[in-house]
Amino acid sequence: MRKIGLLSDTHGYWDDKYLKYFADCDEIWHAGDIGSDELAVRLASIHPLRAVYGNIDGQNLRLEYPKIAHFQVEQVRVMMTHIGGYPGRYNPEIRKELFDTRPQLFIAGHSHILKVAFDPTLSCLYMNPGAAGKSGFHLKRTLLRFVIDGDKIKDLEVIELGNR
């Protein structure tokens, strides 16, 4: 069993609440637009960090993290990217790869809109944690926590960090 903390679109913004909400997590995942090398280092100092780079991330982050990450946690295959779209409107750049690999969990960021949905076409759970940073049009800063236990994704929590 692995407890995951998921965030996106921090745009370099550090919030001490990350320490509180990720304290009992086993891993932290960042779905892009990290915003600074320092933020990535701080997150990785809490727990192991899996991340993808986003459209605002500079060269150092692009060298450190992939555009698209494929990995497995317990028995769940995961695909994570920054600009992924959502069920019914996937980004054309990743659509073929998504349908070819058919992960059980697909994670994207970029929209700053928190959304969790099941895609019956792929038999896949989609997650976008919204935006944890202060840059953008969103009103509330959010992140997600959940558990992967064997082949199950469960105990999903939506956490509001406060106003932008």
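Looking only at distances, a side-chain donor or acceptor of Arg62 sits under 3.5 Å from a matching main-chain atom of Asp57. Although no hydrogens or angles enter the test, the distance criterion places no donor-acceptor pair under 3.5 Å between the side chain of Asp155 and the main chain of Val147. Arg141 places no side-chain N or O within donor-acceptor distance of the main-chain N or O of Gly130, the cut-off being under 3.5 Å. Asp33 contributes no side-chain N or O that, together with a main-chain N or O of His11, makes up a donor-acceptor pair within less than 3.5 Å. No donor-acceptor pair closer than 3.5 Å links the side chain of Arg145 to the backbone N or O of Ile159. No donor-acceptor pair under 3.5 Å is formed between the side chain of Arg50 and the backbone N or O of Ala31. Within the 3.5 Å criterion, the main-chain N or O of Gly85 finds a donor-acceptor partner in the side chain of Tyr126.
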Hey, mind stepping through Tyr86 and Ile113 against side chain to side chain contact (heavy atoms under 4.5 Å, CB included) and telling me if it holds?
CA-CA 11 Å; Tyr86 54 89; Ile113 300 169; over 6 Å; no
Start with the C-alpha gap between Met79 and Ile94, add the side-chain angles, then the distance that decides, and say whether side chain to side chain contact (heavy atoms under 4.5 Å, CB included) holds.
CA-CA 10 Å; Met79 180 176 167; Ile94 61 94; 4.2 Å; yes
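At a cut-off of 3.5 Å, with distance as the only test, a side-chain donor of Asp119 or Tyr90 sits close to an acceptor on the other residue.
Nearest heavy-atom pair across Phe137 and Arg164 is C-NE, 3.9 Å.
In summary, of the residues considered (Ile4, Val116, Leu125), a side chain to side chain contact (heavy atoms under 4.5 Å, CB included) with Leu156 occurs for Val116 alone.
Under the 30°/60° scheme for interplanar angles, the aromatic rings of Tyr18 and Trp14 are found to stand perpendicular.
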